[in-house]
Asks: 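Below: one structure in structure tokens.
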Amino acid sequence: MSATEQHRRPVGQVKEVTSLANPLVKDIKALALKKFRDEQHAFMAEGLKLVIDALDLGWSIKTLVFAKSAHGNAAVEKIAARTVAAGALVLEVSEKVLSAITRRDNPQMVVGVFTQKYLPLKDIRPAGDDVWVALDRVRDPGNLGTVMRTIDAVGAKGLILVGDTTDPFSLETVRATMGSVFAVPIARATAEQFLAWRKSFPGLVAGTHLKGAVDYRSVDYGGRPVLLLMGNEQQGLPDELAAACDKLLRIPQAGRADSLNLAVATAVMLYEVRRTALKLPTEAGQ
Ligand code: SAM
């Protein structure tokens with residue numbers, strides 16, 4: 001790096017904050033509301049491991065907040081140094097401030113504020129045996145976060161949010177992802193944009209439906225990209241999305257329940273679609 005480049009490199013700052021009235025704290029607290037997350041293109045993630053993973057995966061940190069009690073903790077100091085080197089802000093705060101930011105009585109020692117990232121739909125080019133999941137108007141943050149965690153766990157490629165959905169960057173969703181928010185690319189589309197994009201999908205578009213005629217275990221998913229389309233929690237898949245699927249699959253049920261929970265149904269499907277690709281290390285000969 002040249003001397004000029006070194007000179008231009010942004011250098012962050014470290015500040016100590018104890019007052020809830022501090023404007024920096026107010027801005028971070030405001031991230032609890034979608035309006036402010038959208039305005040600031042930002043979101044919060046709690047926990048040292050998550051923040052380290054996010055930085056390792058190339059996410060851009062805006063602010064690192066850590067508890068005074070973590071002062072001297074080697075891992076926290078290292079992540080603070082990385083944050084400062086990236087030109088971002090580090091706030092050392094009281095427990096009271098951390099509790100207010102995270103709305104928790106026993107907050108984690110570390111909170112990171114990151115820039116939101118979406119993948120443009122046109123940049124998704126499925127190939128090989130790639131698996132993508134599309135969720136139609138998902139409403140529940142716990143469901144969305146759990147689906148993202150499962151996509152990550154099975155090694156699927158990412159998620160497409162269709163229509164008006166709950167925010168993948170809300171605190172509840174991020175918590176439910178257990179860190180997978182940083183590993184799973186997210187695209188978003190209106191139903192019209194999704195239907196237009198689907199026309200050039202080079203593999204199997206598998207919808208799931210309570211009236212599906214095909215047992216989900218009877219399909220050979222291998223050797224081609226798969227797009228798994230899941231319906232809204234209350235209404236299921238609307239007709240125009242169901243009609244765009246190559247197959248409508250059903251997971252058999254025996255008891256009195258009308259349907260499975262969305263995140264559970266997605267997990268059952270993903271494990272079937274990825275069945276041959278997923279092996280324990282011993283089976284894979286490692
Ligand atoms: N009342 C809704 C309906 O009529 O479709 C129930 C929706 S269910 C809670 C949410 C989504 O999970 C469904 O749209 C479907 O994608 C999936 N799902 C749940 N149980 C399923 C099953 N037994 N077979 C196939 N898909 C299922």
Side-chain angles (χ1 to χ4, degrees), residues 121 124 126 130-168 170 172-173 176-178 180 184-195 197-199 201 203-222 224-278:
L121 191 63
I124 302 178
D130 289 358
V131 177
W132 283 83
V133 176
L135 294 181
D136 157 47
R137 297 164 300 149
V138 55
R139 281 270 155 256
D140 183 82
N143 278 344
L144 175 53
T146 305
V147 167
M148 290 175 71
R149 186 177 175 185
T150 312
I151 288 174
D152 185 12
V154 301
K157 293 293 171 192
L159 174 67
I160 303 167
L161 295 174
V162 182
D164 190 14
T165 70
T166 193
D167 184 3
S170 73
E172 299 91 317
T173 307
T177 72
M178 295 294 286
S180 295
V184 174
I186 309 169
R188 52 185 170 174
T190 62
E192 292 69 32
Q193 290 165 338
F194 174 78
L195 287 169
W197 174 83
R198 176 269 172 271
K199 285 188 183 137
F201 189 83
L204 175 73
V205 178
T208 54
H209 203 287
L210 299 186
K211 295 193 183 128
V214 181
D215 186 318
Y216 79 111
R217 297 163 298 185
S218 68
V219 177
D220 181 6
Y221 300 98
R224 55 186 165 166
V226 174
L227 174 63
L228 179 63
L229 179 53
M230 309 294 299
N232 164 272
E233 290 97 330
Q234 273 80 44
Q235 292 149 19
L237 280 181
D239 292 346
E240 81 266 24
L241 289 183
C245 298
D246 296 316
K247 287 184 193 298
L248 282 182
L249 309 177
R250 180 149 37 124
I251 305 167
Q253 295 180 201
R256 294 197 45 190
D258 288 338
S259 64
L260 291 164
N261 160 275
L262 168 64
V264 170
T266 309
V268 169
M269 286 303 308
L270 279 175
Y271 269 89
E272 184 63 17
V273 173
R274 297 276 297 153
R275 185 153 58 95
T276 50
L278 289 170

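In listed order, ligands and their atoms are each counted from 1. None of these values were measured; they are calculated from a predicted model. Here, residue 1 is the first one in the sequence, and each next residue gets the next number.
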Asks: For residues L262 and V138, determine if any side-chain heavy atom of one lies less than 4.5 Å from a side-chain heavy atom of the other.
Replies: yes

Asks: Side chains of D136 and F194: does their closest heavy-atom pair fall under 4.5 Å?
Replies: no

Asks: At under 4.0 Å between heavy atoms, which part of N232 makes contact with ligand 1: side chain, backbone, both or neither?
Replies: backbone

Asks: Can you tell me which residue and heavy atom of the protein come closest to atom 24 (N) of ligand 1, and the distance to 0.1 Å?
Replies: I251 N, 2.9 Å

Asks: Would you tell me which option among K211, E233, Q234 has the nearest heavy-atom contact to atom 9 (C) of ligand 1?
Replies: E233

Asks: Which protein non-hydrogen atom lies closest to atom 11 (C) of ligand 1, naming both residue and atom, and how far is it?
Replies: G231 O, 3.5 Å

Asks: Would you say R137's side chain and G236's backbone share a donor-acceptor pair under 3.5 angstrom?
Replies: yes

Asks: Pick whichever of L260, L262, L210 has a heavy atom sitting closest to atom 8 (S) of ligand 1.
Replies: L260

Asks: How close does the nearest protein non-hydrogen atom get to atom 18 (N) of ligand 1, and which residue and atom is it?
Replies: A265 CB, 3.6 Å

Asks: What's the shortest distance from atom 5 (O) of ligand 1 to any protein heavy atom, and which residue and atom give it?
Replies: G236 CA, 3.3 Å

Asks: Measure the distance from atom 16 (O) of ligand 1 to every protein heavy atom, then report the residue, atom name and distance (to 0.1 Å) of the closest one.
Replies: T208 OG1, 2.6 Å

Asks: Does any non-hydrogen side-chain atom of T166 lie less than 4.5 Å from one of D140?
Replies: no

Asks: Assess whether a salt bridge exists between D246 and R198, defined as any Lys/Arg side-chain N lying under 4.0 Å from an Asp/Glu carboxylate O.
Replies: yes

Asks: For ligand 1, which atoms, with element, lie under 4.0 Å from some heavy atom of R250?
Replies: 24 (N), 25 (C)

Asks: Decide yes or no for V154 and L278: does some side-chain heavy atom of the first lie under 4.5 Å from some side-chain heavy atom of the second?
Replies: yes

Asks: Report, in ascending order of atom number, the atoms of ligand 1 lying under 4.0 Å from any heavy atom of H209.
Replies: 25 (C), 26 (N)

Asks: Are L135 and V147 packed together at the side-chain level, in the sense that at least one heavy-atom pair is separated by less than 4.5 angstrom?
Replies: yes

Asks: Please determine whether the number of non-hydrogen atoms from other residues, nucleotides or ligands lying under 6.0 Å from atom CZ of R275 exceeds 12.
Replies: no

Asks: Which option, Q253, M269, M230, owns the non-hydrogen atom nearest atom 23 (N) of ligand 1?
Replies: Q253

Asks: Looking only at distances, please establish whether an N/O atom of ligand 1 is found under 3.5 Å from an N/O atom of L249.
Replies: no

